[in-house]
Protein chains: 2
Amino acid sequence: MPAQQPSLDAIFSALADPTRRAILAMLLEDDMAVTDVAAPFEMSLAAISKHLAVLAAAGLIRQERRGRIIWCKLEPDGLRNASVWMQGFGQFEPVDLDDFERFLRESLPLMDGDDAKP
Amino acid sequence: MPAQQPSLDAIFSALADPTRRAILAMLLEDDMAVTDVAAPFEMSLAAISKHLAVLAAAGLIRQERRGRIIWCKLEPDGLRNASVWMQGFGQFEPVDLDDFERFLRESLPLMDGDDAKP
DNA sequence: GCTTTGTTTAACTTGCCGGTTGAATATGGG
DNA sequence: CCCATATTCAACCGGCAAGTTAAACAAAGC
């Protein structure tokens with residue numbers, strides 16, 4: 001099961017969930033064990049485990065067991081197809097990484113939807 | 001209702017549906033009336049109408065009535081936020097528009113899932 | 001070998017999503 | 001005014017996705 005080229009369906013629906021995006025953002029900083037990934041969230045560990053499975057199925061992360069803990073690491077290539085697809089629509093100006101930084105800061109605190117605290 | 005900044009939730013879940021992506025690809029070539037958008041699909045007009053509503057809510061298209069037909073046009077800016085978000089994960093090489101072209105050709109014919117003909 | 005720690009599986013509930021059909025609401029044309 | 005065209009609304013249905021809890025499985029440690 002080499003996780004053959006995941007579909008845009010899988011990738012975009014994986015990204016559609018704020019919890020999963022938050023997880024990706026966390027993994028961007030460092031590889032993490034499942035339990036540690038789950039820590040900041042208010043939902044059950046099982047739920048997070050499922051989210052991780054979804055991300056893995058979409059090719060966005062990889063989970064590899066070492067000892068009894070399972071390490072989750074980002075798989076940046078997984079996003080490439082989707083990124084290519086999207087950019088075709090916009091001819092966007094080259095992306096400013098600072099924008100991304102800011103974006104993360106804005107979107108990380110609220111991992112439960114879209115209601116921002118004004 | 002100025003369609004205030006749509007959320008990543010809305011954008012990504014809009015993109016997660018193959019029918020909706022196909023619609024976007026169609027609109028990339030030209031603005032279209034709702035009926036014409038619906039034509040190539042095998043589902044009801046009402047269903048397509050809903051899909052269009054979802055895309056509009058996500059800020060990916062705009063629908064403006066002129067006479068009795070409603071024109072759907074792409075709103076490329078709508079993708080920018082999502083694109084910025086995604087690229088932060090990859091530092092992707094500059095996107096090749098030919099890649100996009102090929103991608104479209106591959107993904108357009110099958111607007112019902114992921115089974116590609118090998 | 002038993003217990004603890006880490007993670008997944010199973011069974012179940014709930015709510016949303018994508019589709020249907022049929023009626024309702026414009027708008028334009030004879 | 002009446003009819004046809006264009007689009008949405010409303011009510012409904014089936015399925016799946018996301019969450020829960022409790023049990024199972026795996027690996028380490030004593």
Side-chain angles (χ1 to χ4, degrees), chain A residues 1 3 6-24 26-27 31-58 60-73 110-114, chain B residues 1 3 6-24 26-27 31-58 60-73 110-114:
Chain A
M1 40 303 284
S7 63
L8 287 178
D9 280 36
I11 295 174
F12 282 127
S13 52
L15 293 177
D17 186 289
T19 302
R20 286 192 290 259
R21 288 197 306 275
I23 291 175
L24 288 180
M26 291 166 62
L27 292 180
D31 300 359
M32 298 177 79
V34 174
T35 307
D36 295 328
V37 169
F41 298 93
E42 283 180 350
M43 69 187 71
S44 73
L45 183 58
I48 297 294
S49 178
K50 282 190 193 176
H51 279 302
L52 290 170
V54 171
L55 288 171
L60 299 175
I61 67 170
R62 268 186 40 188
Q63 310 192 244
E64 57 188 46
R65 160 162 248 143
R66 198 177 323 176
R68 67 178 153 180
I69 82 181
I70 294 190
W71 292 95
C72 308
K73 76 185 307 275
L110 41 90
M111 34 198 58
D112 58 312
D114 305 309
Chain B
M1 41 298 286
S7 63
L8 287 178
D9 279 35
I11 295 174
F12 282 126
S13 51
L15 293 177
D17 185 289
T19 302
R20 286 193 288 261
R21 288 197 308 273
I23 292 176
L24 289 180
M26 292 167 62
L27 292 180
D31 299 359
M32 299 177 78
V34 174
T35 307
D36 296 327
V37 169
F41 298 93
E42 285 180 350
M43 69 187 69
S44 74
L45 184 57
I48 297 294
S49 178
K50 281 190 193 176
H51 279 302
L52 289 169
V54 171
L55 288 170
L60 298 175
I61 68 171
R62 269 187 39 189
Q63 310 191 247
E64 59 188 43
R65 159 162 250 144
R66 198 178 321 177
R68 66 177 152 179
I69 82 182
I70 295 190
W71 291 96
C72 307
K73 76 184 309 275
L110 43 91
M111 33 199 57
D112 57 310
D114 306 310

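A note on names: the letters A, B, ... follow the listed sequences, proteins ahead of strands, and every chain is numbered from 1.
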B:Asp9 CG - D:dA17 P separation (whole Å)
16 Å
C:dT7, OP1 or OP2 - any side-chain N/O from A:Gln63 closer than 4.0 Å?
no
Rounded to the Å, how far apart are A:Leu52 CG and C:dT7 P?
10 Å
D:dC9 phosphate, OP1 or OP2, under 4.0 Å from B:Ser49 side-chain N/O
no
With rounding to the nearest 0.5 angstrom, report the CG to SG distance, B:Leu24 to B:Cys72.
10.5 Å
Whole-Å distance, A:Arg68 CZ to D:dC25 C1', equals 13 Å
Contacts of A:Ile48 and B:Arg20 projected onto DNA chain C by closest heavy atom; the upstream (5') one is A:Ile48
Identified side-chain contact (heavy atoms from CB on, under 4.5 Å) counterpart of B:Ile61 within the set B:Leu27, B:Val37, B:Val54:
B:Leu27
Hey, is the main chain of B:Ser13 close enough, under 3.5 Å, to the side chain of B:Arg20 for a donor-acceptor pair?
yes
Per nearest nucleotide of DNA chain D, the residue lying toward the 5' end, A:Met43 or B:Lys50, is B:Lys50
Nearest non-hydrogen partners of A:Asp31 and A:Trp71, listed with the distance
O-CZ3, 4.0 Å
How close or far is atom C1' of C:dG18 from atom CD of B:Glu42, stated in whole angstroms?
15 Å
What is the separation between atom CG on B:Leu45 and atom C1' on C:dA26, rounded to the nearest whole Å?
14 Å
Is any side-chain N or O of B:Ser44 closer than 4.0 Å to OP1 or OP2 of C:dG19?
no
With heavy atoms under 4.0 Å as the rule, sort A:Arg66 into base, sugar-phosphate or nothing.
nothing
In whole Å, I'd like the distance from the CG atom of B:Asp17 to the P atom of C:dG18.
5 Å
Ignoring backbone atoms, establish whether A:His51 has a side-chain N or O less than 4.0 Å from OP1 or OP2 of D:dA17.
no
For atom CZ of B:Phe12 and atom P of C:dC17, their distance in whole Å
17 Å
First locate atom CZ of A:Phe41, then atom NE2 of A:His51, and finally report the distance between them rounded to the nearest 0.5 Å.
8.0 Å
d(CD1, B:Ile69; C1', D:dT8) in whole Å
16 Å
For DNA chain C, whose closest nucleotide is more 5', that of B:Val54 or that of B:Ala46?
B:Val54
